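What follows is a set of notes on a single structure, which appears directly below.
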Amino acid sequence: MKILTIIGARPQFIKAAALSETLRARGHEEWLVHTGQHYDANMSDVFFTELGIPAPNVNLHVGSGSHGAATAAMLEGIEKECLAQKPDWLLVYGDTNSTLAGALAAAKLHIPVAHVEAGLRSFNKAMPEEVNRVLTDHISNLLFCPTQHSADNLSKEGIREGVHVVGDIMHDCLLRALPRAEALPSLPAELGLKNDEYHLATIHRASNTDDPVILRGLLEALHEIGNVVFPMHPRCRARIDSAGLSGLLNDGRIQTLEPVGYLHMLQLAKNARAILTDSGGLQKEAYWLHTPCITLREETEWVETAQSGWNQIVGVGREAILKAMSELARPAEHPDYYGTGDAAAKICDAL
Ligand code: UD1
Ligand code: UDP
């Protein structure tokens with residue numbers, strides 16, 4: 001079986017790490033196309049090196065651009081790859097512009113599409129990711145859902161064929177990588193952070209970075225909380241600079257870092273007192289690592305983390321964030337909502 005896999009953004013490298021290994025171990029041929037959506041060494045190369053992801057067969061070097069321009073350039077490049085490679089399946093992950101471009105290029109060529117992380121919904125169409133994931137699901141032939149809840153979302157939209165609840169591929173990756181992360185020298189210790197005392201923050205959603213008033217409010221809340229370590233997505237770094245907000249980062253209450261590799265991120269997440277984030281992946285990693293999470297958005301796709309009490313969905317208001325900090329909990333209940341780490345095997349079986 002020949003699979004053409006599309007990756008392009010940081011979380012997709014992490015997801016591909018687990019599945020590429022399993023696909024290849026079973027003797028399938030994979031043609032790996034990197035769209036180039038993320039391109040800085042610490043947003044891309046580091047994951048290939050650390051996680052042993054095979055080098056992409058092709059990098060389309062699409063880079064940053066408007067949604068239309070970037071997605072169009074990806075479409076054109078992916079279409080050429082599909083025509084040349086004639087794969088049995090085209091496989092996409094998640095909800096980025098790379099995901100939609102891959103699914104659309106293949107669907108028009110009648111190449112079956114497999115979508116890993118299908119059925120997630122925020123029900124907020126202002127998010128580019130929501131548009132990408134809804135459209136991708138509706139042109140996919142195999143839909144790999146992390147949870148029954150995500151399969152139910154698909155069912156409500158009339159998608160019932162080809163739906164498989166397989167668990168979360170990021171859980172596979174975390175379980176495989178955690179022993180390696182724990183064997184490395186401790187980044188938190190190197191940074192002078194005390195376990196269970198510091199707070200880990202990440203911000204990269206367009207709705208949070210691109211409005212200077214919201215971004216200022218978030219930084220002020222983090223500043224007030226203090227003892228924050230903040231590996232900064234380049235989008236967030238650029239917006240802080242252009243909005244003139246870097247003064248809030250100068251007095252040591254918020255320690256900023258360049259984006260870190262996955263193994264260091266696992267160390268930071270596991271040992272934090274709490275995680276404050278608008279990341280999708282990090283909300284689940286917080287859950288798996290038993291670290292309380294505060295989500296800096298109005299809604300979450302990962303509803304189970306919130307229902308269990310491990311994740312508080314607070315939005316971007318200062319009062320709500322500080323209130324959540326005063327109510328941090330580590331509930332006794334911690335169900336295996338996202339499977340047991342065998343999503344890659346189940347996906348290969350279904351393919
Ligand atoms: C993208 C995804 C988002 C995902 C996130 C993971 C879309 C619409 N968004 O958001 O769903 O959660 O990736 O991190 O696909 N930049 C760099 N260097 C890089 C990459 C980005 O400097 O290597 C900067 C550029 O200024 C760029 C900006 O970040 O314009 C945004 O990058 P882009 O890929 O468009 O969106 P993300 O915010 O990364
Ligand atoms: N991550 C990382 N280094 C960082 C920030 C995040 O390795 O500096 C990892 C994080 O642990 C998770 C993934 O990147 O596995 C999430 O990516 P991101 O937050 O960029 O995207 P999202 O999940 O929101 O789409």
Side-chain angles (χ1 to χ4, degrees), residues 9-11 38 40 42-43 64 122 124 126-129 187-188 190-261 264-265 267-269 271-286 291-300 302 305-306 311-328:
R10 172 165 68 186
H38 287 175
D40 291 344
N42 57 22
M43 293 293 288
S64 304
S122 66
N124 174 1
M127 287 178 78
E129 292 86 355
L187 178 65
E190 276 170 33
L191 296 170
L193 302 166
K194 294 213 174 73
N195 287 355
D196 298 319
E197 291 186 12
Y198 69 88
H199 311 106
L200 170 65
T202 78
I203 299 173
H204 76 276
R205 291 286 155 207
S207 56
N208 284 343
T209 56
D210 294 9
D211 179 331
V213 176
I214 291 179
L215 186 55
R216 171 185 285 279
L218 286 171
L219 294 180
E220 284 175 352
L222 294 178
H223 188 267
E224 194 158 338
I225 291 164
N227 204 357
V228 172
V229 64
F230 189 175
M232 209 176 274
H233 190 288
R235 173 185 205 113
C236 190
R237 170 85 65 189
R239 298 299 186 274
I240 288 174
D241 290 346
S242 62
L245 297 173
S246 46
L248 284 160
L249 307 173
N250 289 342
D251 64 2
R253 293 183 66 79
I254 303 176
Q255 186 173 172
T256 66
L257 308 176
E258 290 299 310
V260 298
H264 277 148
M265 197 61 183
Q267 290 185 342
L268 288 170
N271 296 302
R273 173 171 176 249
I275 296 175
L276 298 103
T277 189
D278 60 11
S279 160
L282 205 47
Q283 290 176 59
K284 290 174 292 168
E285 286 161 359
T291 303
C293 187
I294 294 176
T295 294
L296 307 171
R297 286 179 46 198
E298 301 295 340
E299 71 279 306
T300 184
W302 304 104
T305 60
N311 186 8
Q312 300 183 68
I313 315 301
V314 303
V316 294
R318 178 182 161 280
E319 296 302 326
I321 296 169
L322 296 178
K323 180 165 177 288
M325 279 299 298
S326 70
E327 293 171 359
L328 288 180

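Worth saying up front: this structure is predicted, and the values here are computed from it rather than measured.
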Between [atom1] on residue [X] and [atom2] on residue [Y], distance to nearest 0.5 Å:
X	Y	atom1	atom2	answer
R10	N42	CZ	CG	8.5 Å
I240	L248	CD1	CG	8.5 Å
L249	I254	CG	CD1	5.5 Å
H204	L282	NE2	CG	10.0 Å
I313	L296	CD1	CG	9.5 Å
R237	S246	CZ	OG	9.0 Å

For [X] versus [Y], what's the shortest heavy-atom pair and its separation?
X	Y	result
P231	P259	CB-CA, 4.4 Å
T300	A306	CG2-CB, 4.5 Å
I321	A221	CD1-CB, 4.0 Å
P188	Y198	CG-OH, 3.6 Å
M325	L328	O-CG, 3.4 Å

Should [X] and [Y] count as side-chain neighbours, where that means a heavy-atom distance under 4.5 Å?
X	Y	answer
Q255	L193	yes
L200	L276	no
C236	L215	yes
T295	V314	no
R297	S122	yes
L218	D278	no
M43	H233	yes
T291	E285	no

### Query
When you look at I214 and T209, which way does the side-chain contact (heavy atoms from CB on, under 4.5 Å) test go after all the steps?
CA-CA 7 Å; I214 291 179; T209 56; over 6 Å; no

#### Entry: Candidate pair R273 and H199, rule side chain to side chain donor-acceptor pair (under 3.5 Å), full reasoning
CA-CA 6 Å; R273 173 171 176 249; H199 311 106; 3.0 Å; yes

### Message
Under a 3.5 Å threshold, yes or no: a donor from one side chain and an acceptor from the other, between T277 and Q283?
### Response
no

### Task
Please lay out, stage by stage, how L257 and F230 fare under the test side-chain contact (heavy atoms from CB on, under 4.5 Å).
CA-CA 6 Å; L257 308 176; F230 189 175; over 6 Å; no

#### Entry: Pairs where residues 312-321 contributes a residue and the test side-chain hydrogen bond (donor to acceptor under 3.5 Å, both in side chains) is met, not counting sequence neighbours
E224-R318

#### Entry: Stepwise salt bridge (Lys or Arg N to Asp or Glu O under 4.0 Å) check, D210 with R235
CA-CA 9 Å; D210 294 9; R235 173 185 205 113; 2.9 Å; yes

### Message
Donor-acceptor check, side chain of N124 to backbone of A126, threshold 3.5 angstrom: yes or no?
### Response
yes

